[in-house]
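I have placed the structure first, in the form of structure tokens, so that the comments after it can refer back to it.
What you see is a predicted model; the values in this text were computed from it and never measured. Any value given below was found using the heavy atoms of this structure, including those in side chains, with hydrogens, waters and symmetry copies removed. Chain identifiers are assigned alphabetically (A, B, ...) following the order of the sequence lines, protein sequences preceding nucleic acid strands; residue numbering begins at 1 within each chain.
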Number of protein chains: 4
Amino acid sequence: MPSSSFLADKVRAVSAKRERRKEARPGELLDAALDLFVEKGFAATRSEEVAARAGVSKGTLFLYFPSKEELFKAVVRENMSGHFPDWNKEFEAFEGSTPDMLRHVMRTWWERIGATRLSGITKLMMSEGSNFPELAAFYQAEVVMPGHELLRRVFRRGVERGEFKPIDIDMAVYTIVAPMIFLMLSKHSSNICMAPSIELDADKYIALQAETLLNGVCSPTGSGA
Amino acid sequence: MPSSSFLADKVRAVSAKRERRKEARPGELLDAALDLFVEKGFAATRSEEVAARAGVSKGTLFLYFPSKEELFKAVVRENMSGHFPDWNKEFEAFEGSTPDMLRHVMRTWWERIGATRLSGITKLMMSEGSNFPELAAFYQAEVVMPGHELLRRVFRRGVERGEFKPIDIDMAVYTIVAPMIFLMLSKHSSNICMAPSIELDADKYIALQAETLLNGVCSPTGSGA
Amino acid sequence: MPSSSFLADKVRAVSAKRERRKEARPGELLDAALDLFVEKGFAATRSEEVAARAGVSKGTLFLYFPSKEELFKAVVRENMSGHFPDWNKEFEAFEGSTPDMLRHVMRTWWERIGATRLSGITKLMMSEGSNFPELAAFYQAEVVMPGHELLRRVFRRGVERGEFKPIDIDMAVYTIVAPMIFLMLSKHSSNICMAPSIELDADKYIALQAETLLNGVCSPTGSGA
Amino acid sequence: MPSSSFLADKVRAVSAKRERRKEARPGELLDAALDLFVEKGFAATRSEEVAARAGVSKGTLFLYFPSKEELFKAVVRENMSGHFPDWNKEFEAFEGSTPDMLRHVMRTWWERIGATRLSGITKLMMSEGSNFPELAAFYQAEVVMPGHELLRRVFRRGVERGEFKPIDIDMAVYTIVAPMIFLMLSKHSSNICMAPSIELDADKYIALQAETLLNGVCSPTGSGA
DNA sequence: AATGAATGAGCCTTCATTCAT
DNA sequence: AATGAATGAAGGCTCATTCAT
């Protein structure tokens, strides 16, 4: 899970120590909601259960979030889309080679999203997105597009610095996204796609995918691999 | 979509002209159900809507299938699990090299399942399986296990004929299953995992995965790749 | 079960031997219906099951009886109310003493109704009568009132012949009816009112009730007991 | 009707004025449910109607009782089985002769159950028990068995104190239960078992049954009658 | 006369959301 | 701010009855 909480940060500024409980409410609700959305999906998660897991009453949930859909959006903002400004800055400041940057991006993605509960959100959107068009549009706009844009910037940097060949950038983005998504889905559906006993080694898989990709995009004189 | 209908075949034998309506019912219902399950998922598909799409009333659906869960199972049987006997025979009769057989299996899988509405069933099970344990168990027993067994037989053949190295067969099976599942999911969630404009070229992707796999499993003297 | 079938009698008059099957329909349906009404009650008996037990289709049932209520009425007519003319004649012809007649009435009631499936109809009416007012009214008019009238005639005979004291006849009728009903209910509800192992000896109980009653109503010079 | 309410008692302890509504709910619902179960039977009572009679909406009923069956069980517990501890104590403290105790038990039974709406529950179980096996088992365990045990204790006391002959106690219990059940059923079906104008005098009937029974079980030197 | 496919009103139960306290 | 009682629309399933063949 990402280290800081947006909503909580705002509230915390106004708070004193003894009131920690009250101000923690939204954060506790978001945390409980994330757990349950990941565990059961959007439709099958009951508002009351979210409230109960956060230790508050049903009414309180609706005090902070006007609907289940808004609760979901807040979960996504808190844990994913809200972090893009930071992530963008972080990668703008990257100083190494672009192949190294690409490796770093993929590892970071796995650490912050793939390996955490958040991978369940990706799975959820792929499964239930079509039943909740507004959520799908929100997720597309606030997560998918910024994420792809971040990746595009990496490839553009590589091309501009002469490290990458003049590739089709959208296609290249997809070549990263596809195996990452695949890895995240595997985590949440091992009973359907593989023998229960087998667990994929994500780090190796990612490293392999990265090198395969770099092999294809690096210019002959580049510092890839 | 598979070419012949099990239920319909049985009923058809008894039919006359004026009864075309009656005997077509189960097939029409299964067809409507498949459409809706794929479009909306299991929980979000309403019985009445299935009936309406098949042109009958709510009650009629329950005349043929005693519950929504049984309807789903019938859809799976009709379109997937019911075909394993044929598919098994088909592959037992395969006469080419095992690498070619593997390529053939993957292409066939894509043609008969992945590229059709049926890929939606796989997606459905991955997203809703945990909310409907009985369905999950049914799907696991009637689709996942026979499918894996079919693949295992291919690998065993390769090993026995000296075309493949003495590999970990379960792991090898998974190496096929994983990208196929990913491809199927992508079809149903293209807006989530990639830019809306980009469509994955399934055939190329499958071919690539096949060659990558063969590269790893073929014995040095084998005819792979 | 009473020996002859009214409906069947009418139909039989027109019938030939080889058509026995067709003409037996109504009787078979009534027989199946009686079984099921007794076993499950009126509301819980499904039309289809009646038809199935009679070996015909659902539609055929409604061909003979326009509704479930009419089917029930037909069952009652066939097995109970329809026999009152005969029973009345039978008792008008009785030649012994009135105390003997009373004993005979009670024994006969038990043999023909109480000891047979028909006691279940009495239980059914007591349980479900209030939910089906039309059936209750029908039963009241066609069974209860004629039955009470038959008993009243016995008491009137006793009084007129000087065998009985000038008693309150309605009250006397009730003194017979109560234990008979009680006995019939016991048969169908042994799990509720008594230990499953204990079974009441109906004949002794009836004899006892008869003598107790006669003890109270016989005039001092009467030939009771 | 029993004098105090179990559920209500517990809730009342926590209550304030404005909450009178809330705490009264379970009691109101149980009361409405008892009315309707007695009036229409279990199957024919619609959840919504229970709610409406209690002045709440359909959903509210399920807030307090998770299903119609549980509602019924709660009605039985509140009004019948929940009182056995008190009743047992009450009779353990009885100090008179055992024949008097038996007369008292029967009168009390009539006052607290037979003469109240609760006799309708007995009727309901006799008619619908076989259609709802779980309810039947519950009633058997929580009402029938404790009730019979109470009666058995009375007879054992009589035998131990030398007031009764060494009788078959199970048989004796049945000799009490049977006429009580009959009386209760009569109340709810007077149009079936007797002329509408005649109403059975329960007290006299009970007294008569008691003396008849005592006549049979009292030891020659006993203080019966 | 017989069939059995088809209907649709009716009932239990769930759950997101509201609102008086 | 917090509660949790209350609501009511929605959905799965049943079954008496109809009707085309």
Considering only NZ, NE, NH1 and NH2 on the basic side and carboxylate oxygens on the acidic side, decide whether [X] and [Y] come within less than 4.0 Å.
{"X": "C:Asp31", "Y": "C:Arg117", "value": "yes"}
{"X": "D:Glu142", "Y": "D:Lys73", "value": "no"}
{"X": "B:Arg53", "Y": "B:Glu39", "value": "yes"}

Under 4.0 Å, counting only non-hydrogen atoms across every strand here, what does A:Thr60 touch: a base, just sugar-phosphate, or nothing?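 Result for A:Thr60 = base.
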
Using a cut-off of 4.0 Å on non-hydrogen atoms, how would the nucleic acid contact of B:Lys68 be classed: base, sugar-phosphate, or nothing?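 B:Lys68: backbone/sugar contact only, no base atoms under 4.0 Å.
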
Do any side-chain nitrogens or oxygens of [X] fall under 4.0 Å of OP1 or OP2 in [N]?
{"X": "C:Tyr64", "N": "E:dA2", "result": "yes"}
{"X": "A:Ser47", "N": "E:dA16", "result": "yes"}
{"X": "B:Ser57", "N": "E:dG8", "result": "no"}

Atom-pair distance ([atom1] on [X]; [atom2] on [N]), nearest Å:
{"X": "A:Phe62", "N": "E:dC15", "atom1": "CZ", "atom2": "P", "result": "13 Å"}
{"X": "B:Glu28", "N": "E:dA5", "atom1": "CD", "atom2": "P", "result": "14 Å"}
{"X": "D:Glu48", "N": "E:dC12", "atom1": "CD", "atom2": "P", "result": "9 Å"}
{"X": "B:Leu36", "N": "F:dG11", "atom1": "CG", "atom2": "P", "result": "13 Å"}
{"X": "B:Phe132", "N": "F:dG11", "atom1": "CZ", "atom2": "C1'", "result": "12 Å"}
{"X": "C:Lys40", "N": "F:dA16", "atom1": "NZ", "atom2": "P", "result": "11 Å"}
{"X": "A:Glu49", "N": "E:dC15", "atom1": "CD", "atom2": "P", "result": "10 Å"}
{"X": "A:Leu61", "N": "E:dC19", "atom1": "CG", "atom2": "C1'", "result": "16 Å"}

Close side-chain approach of C:Leu71 and C:Tyr64, heavy atoms under 4.5 Å: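 No, their side chains stay 4.5 Å or more apart.
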
Does B:Ser127 reach the side chain of B:Phe42, with side-chain heavy atoms less than 4.5 Å apart?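 Not in contact.
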
Nearest heavy atom decides the nucleotide; on that basis, is C:Phe42 or A:Gly55 closer to the 5' end of DNA chain F?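 Residue closer to the 5' terminus by nearest nucleotide: A:Gly55.
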
By nearest nucleotide on DNA chain F, pick out whichever of D:Val56 and B:Pro66 is the more 5' one.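 Final value for this comparison: D:Val56.
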
Residue matched to F:dA1 through Watson-Crick or wobble contacts both under 3.5 angstrom: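 Its partner is none (no Watson-Crick or G-U wobble pair with both distances under 3.5 Å).
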
Pair of N/O donor and acceptor under 3.5 Å linking E:dT3 base with C:Lys58 side chain: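 Check fails, no donor-acceptor contact within cut-off.
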
In terms of the nearest nucleotide of DNA chain E, which residue is placed more toward the 5' end: D:Arg46 or C:Leu63?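 Result: C:Leu63.
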
Between D:Thr45 and B:Gly59, which residue's closest nucleotide on DNA chain E lies nearer the 5′ terminus?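 Whichever sits nearer the 5' end wins; that is B:Gly59.
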
